[in-house]
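Data block below; observations after.
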Amino acid sequence: MLEKLLFLLWLLAWTSGGLLLASSTLHLPRRLILGVGLTLGAVTQVWFANLLGFVLPAPIAFWGGALLTLALGLAFTRPFSFKEIFRALLPISLTQILALLFLTYLFTAIGRGLLLFEDYQNLPTISLLARGEIPPRFALDPNVRFGYHYLMLLFAAQITRLGGVVPWNALDFTRGLFFALTLLLTYLWVERMTRSRLAALAGALFAAFASGTRWLLLLLPPSWLASLSESVTLLGSSAQTVPALARGLLLPWTIDGGPPIPFPFAFVNGITPPLILSHGGSGMMVAALTILILLVYRF
């Protein structure tokens with residue numbers, strides 16, 4: 001129970017710091033504070049934890065990242081008073097909170113237990129980070145420097161070490177959380193641009209499912225598709241799946257670490273992959289940061 005209580009206090013520390021930064025530093029409208037504050041707090045604390053992890057043991061570095069984020073938020077709170085702090089931390093929108101919790105649960109449950117894409121290296125890396133090896137070495141060869149974008153994996157490592165959660169569940173939760181934050185931020189950004197909740201909802205749905213349009217080729221006559229396929233050179237996993245584009249559109253995508261029900265090759269696109277396939281080391285954290293920058297621009 002003590003471990004769980006300390007873990008909740010760690011969550012509360014960086015969450016409060018992020019909300020204070022969003023409220024006091026950026027001077028955002030109240031409806032934007034929740035999404036911006038949570039994203040800002042999560043990224044800021046893991047960035048601090050990464051810096052501290054170079055010289056300090058993992059638990060101290062992880063707690064230090066959360067406490068520094070909280071201290072930063074308090075330092076920028078003006079005027080500094082309990083009333084202003086309480087105002088910043090007061091739940092802004094019950095609807096947003098419920099939506100965030102639901103989306104986090106939904107996308108955590110969807111990806112739970114699936115070893116997708118780079119997880120053969122992600123899970124050992126999380127274990128190394130949780131043990132305090134920051135920056136991490138390559139798990140399969142400790143003599144190789146692992147120059148990898150591991151910031152999201154470090155967040156999962158914090159959950160593993162401080163929350164007593166196994167690495168694969170911690171990674172599933174981290175992916176679900178940043179997916180939910182990305183959709184919430186997208187909703188808020190589109191609403192800010194259009195002043196329409198309907199457009200904001202459509203924008204969030206578009207962000208979740210939009211990708212390339214390779215599947216539209218299935219609407220072409222077979223003779224046209226065969227002729228077009230002769231002019232297309234397949235690369236990477238596409239070339240490993242099928243010898244020609246026309247044949248591949250009707251087959252599953254051949255990849256290592258795929259789910260039990262394979263991805264249709266026609267739904268895959270190497271240029272603009274859908275967010276539901278963002279399972280790399282940086283995952284949805286990059287998307288959340290991108291939308292965050294767009295959202296706070298010119299505030």
Rounded to the nearest 0.5 Å, the CG atom of Leu9 sits from the CH2 atom of Trp63 at a distance of 5.0 Å
Once rounded to the nearest 0.5 Å, what's the spacing between atom OG1 of Thr186 and atom CG of Leu295? 9.0 Å
Which of Leu129, Ile126, Asp172 passes side chain to side chain contact (heavy atoms under 4.5 Å, CB included) with Pro167? Answer is Ile126
Measure up the Trp14 and Phe155 rings against each other and bin them: parallel (under 30°), tilted (30 to 60°), perpendicular (over 60°). perpendicular
Considering only heavy atoms from C-beta outward, does the side chain of Leu154 approach that of Ile134 to under 4.5 Å? yes
Give me the one residue out of Phe107, Phe173, Phe102 that meets ring pair (Phe, Tyr, Trp, His ring centres under 6.0 Å) with Phe179. Phe107
Taking Thr125 for the side chain and Gln121 for the main chain, is one N or O donor matched with an acceptor at less than 3.5 Å? yes
Kindly indicate whether the side chain of Leu250, heavy atoms from C-beta on, has any atom under 4.5 Å from the side chain of Leu218. yes
Under the 3.5 angstrom rule, does the side chain of Arg137 hit a backbone N or O of Val144 as a donor-acceptor pair? no
Just by distance, no angles: are the side chains of Tyr150 and Asn122 close enough, under 3.5 Å, to form a donor-acceptor pair? no
In Å and rounded to the nearest 0.5 Å, what is the CG to CD1 distance from Leu38 to Ile33? 11.0 Å
Within a strict 4.5 Å, meaning less than it, do heavy atoms of the Leu151 and Met285 side chains meet? yes
Hey, what do you get for CG (Leu251) to CZ (Phe265), rounding to the nearest 0.5 Å? 8.5 Å
Do Ile291 and Leu294 touch side chain to side chain, with heavy atoms closer than 4.5 Å? yes
Are Glu191 and Arg195 ion-paired here, with the side-chain N under 4.0 Å from a carboxylate O? no
Point-to-point distance, once rounded to the nearest 0.5 Å, from CG of Leu245 to CG of Leu249: 4.5 Å
Roughly how far, to the nearest 0.5 Å, is the CD1 atom of Ile159 from the CH2 atom of Trp10? 5.5 Å
Do Thr182 and Thr290 touch side chain to side chain, with heavy atoms closer than 4.5 Å? no
Looking only at heavy atoms, what is the nearest atom pair of Ala246 and Ala226, with distance? CB-CA, 4.4 Å
Would a distance-only check, ignoring hydrogens and angles, find a side-chain to backbone donor-acceptor pair under 3.5 Å from Thr69 to Gln45? yes
In this structure, would Tyr187 and Leu106 fall into the same cluster of hydrophobic residues linked by side-chain contacts under 4.5 Å? yes
Look at the side chain of Ser23 and the backbone N and O of Leu19, then say whether any donor-acceptor pair between them is shorter than 3.5 Å. no
Qualifying residues under side chain to side chain contact (heavy atoms under 4.5 Å, CB included), relative to Leu198, sequence neighbours excluded: Ser196
Under a 4.5 Å cut-off applied to non-hydrogen side-chain atoms, are Leu162 and Leu6 in contact? no
Treating Thr39 as the side-chain partner and Gly35 as the backbone partner, does any N or O pair qualify as donor plus acceptor under 3.5 Å? yes
Does Leu8 share a hydrophobic cluster with Leu67, counting links as ILVMFWY side-chain heavy atoms below 4.5 Å and allowing steps through other members? yes
